[in-house]
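Naming: A, B, ... by sequence-line order, numbering from 1 per chain. All values below were derived from every heavy atom in this structure, side-chain atoms included, with hydrogens, water molecules and symmetry-related copies excluded.
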Protein chains: 2
Amino acid sequence: MNRVFKALADPSRRRILQLLRDGPLSAGDIARHFDLAKPTLSGHFAVLREADLVDQERQGTTIYYRLKLSVLEEALSGLMDSMGIGQGEPGAAGDLLKQEK
Amino acid sequence: MNRVFKALADPSRRRILQLLRDGPLSAGDIARHFDLAKPTLSGHFAVLREADLVDQERQGTTIYYRLKLSVLEEALSGLMDSMGIGQGEPGAAGDLLKQEK
DNA sequence: ACTTTATTTCGGTGATTAGCTAAATACCAT
DNA sequence: ATGGTATTTAGCTAATCACCGAAATAAAGT
């Protein structure tokens, strides 16, 4: 989960995820959208993979990346939860965690 | 907005925001929860402030930090939007996928 | 076996980051 | 003015990061 937020900290990586939103793309397809050297992109893919935000599938010489939306979704809603955003019922106690320490 | 995600990339900073969730705390209050030197925390506060995720208010010698929930909220829902998470109506087409470029 | 195409790994560089101690600043009280 | 408490700034180090070009790997076609 920490890896997810680390991965999201870079704009290029966020952009990659965004591109992947509409379906799998090859590394080359993605590279076409950027002004970065391929090895640089390849590094970004590795970070995303380690964060479990994408998975890889090789097809011949081409490697396709696919967004794992559920992982992203879970991380974000986990954060929102822990910050008290969103799904707090407007009528509920308001706060579950109180007074740390 | 990039600064927000950069700020969120560090676990100590996420923890700070979480602590702030239940109301303003002084730098010292917060420091008590961590095993880090005060200057280190002070640096984290600066990052959060630059991301506009918190604001400061001095009260005598004490400085209180307050979470700016709306900023966090906006950044997160902005990201979710751009990834197609969440606010898709459950009955809708399923994906408002777009095909950029 | 050779070539082409797609992508990654290797090795390195400069910038940024998280952490520290020590010193400075700010405010309040005496 | 002196002292005490709260916090930041300054200056440093070690680690991580984003990037690159060159070389390596992988699969497929000739």
Quiz item: Please give, in whole Å, the distance from dC17(D) C1' to D10(B) CG?
Solution: 14 Å
Quiz item: Among dC20(D), dA18(D), dG19(C), which is the nearest nucleotide to the side chain of S12(B)?
Solution: dG19(C)
Exercise. Mind calculating the distance between CG (L36(A)) and C1' (dC17(D)) to the nearest angstrom?
Key: 13 Å
Quiz item: When you check the phosphate oxygens OP1 and OP2 of dA18(C), does a side-chain N or O of T40(B) lie under 4.0 Å from one of them?
Solution: no
Exercise. Can you tell me the distance, in whole Å, between the CZ atom of R3(A) and the P atom of dT16(D)?
Key: 12 Å
Quiz item: Rounded to whole angstroms, how far apart are CG on L8(A) and P on dA18(D)?
Solution: 12 Å
Quiz item: Contacts to DNA chain C from residues 55-68 of chain A, heavy-atom cutoff under 4.0 Å, which residues?
Solution: Q56(A), T61(A), T62(A), I63(A), Y65(A)
Quiz item: Of G43(B) and A37(A), whose nearest nucleotide on DNA chain D comes first from the 5' end?
Solution: G43(B)
Quiz item: Of the nucleotides dT21(C), dC17(D), dA22(D), which one has an atom closest to the side chain of P39(A)?
Solution: dA22(D)
Quiz item: Counting distance only, does the side-chain N/O of R13(A) pair as donor-acceptor with the main-chain N or O of L8(A) below 3.5 Å?
Solution: no
Practice problem: Nearest whole angstrom, please: distance from the C1' of dT5(D) to the CZ of R32(B). | Solution: 12 Å
Exercise. Look at the side-chain N and O atoms of H44(B) and state whether any lies under 4.0 Å from the OP1 or OP2 oxygen of dG19(C).
Key: yes
Quiz item: Where the side chain of R49(A) is defined as all heavy atoms beyond and including C-beta, which of dA18(C), dT8(C), dT8(D) is the nearest nucleotide?
Solution: dT8(C)
Practice problem: Locate the shortest heavy-atom distance separating L67(A) from R21(A); write the atom from each residue and the value. | Solution: CD2-CA, 4.0 Å
Quiz item: Do any N or O atoms from the side chain of S77(B) and from the backbone of E73(B) form a donor-acceptor pair under 3.5 angstrom?
Solution: yes
Exercise. Would you indicate whether the side-chain heavy atoms of S12(B) and F34(B) approach each other to under 4.5 Å?
Key: yes
Self-check item: R3(B) CZ: over 12 foreign heavy atoms closer than 6.0 Å
Solution: no
Exercise. Mind calculating the distance between CZ (R15(A)) and P (dA18(D)) to the nearest angstrom?
Key: 17 Å
Quiz item: Is there side-chain contact between L20(A) and Y65(A), with heavy atoms separated by less than 4.5 Å?
Solution: yes
Self-check item: Atom pair distance, as rounded to whole Å: CG in L41(A) and C1' in dG21(D)
Solution: 15 Å
Quiz item: OP1 or OP2 of dT7(C) less than 4.0 angstrom from a side-chain nitrogen or oxygen of S26(A), does that happen here?
Solution: yes
Quiz item: What nucleotide, of dA18(D), dT7(C), dC20(C), holds the atom closest to the side chain of A27(A)?
Solution: dT7(C)
Quiz item: Heavy atoms, side chains only, cut-off 4.5 Å: are D55(B) and R49(B) in contact?
Solution: no
Practice problem: Grab the NZ-P distance between K38(A) and dA23(D) for me, whole Å please. | Solution: 17 Å
Practice problem: Look at the side-chain N and O atoms of S42(B) and state whether any lies under 4.0 Å from the OP1 or OP2 oxygen of dT8(D). | Solution: yes
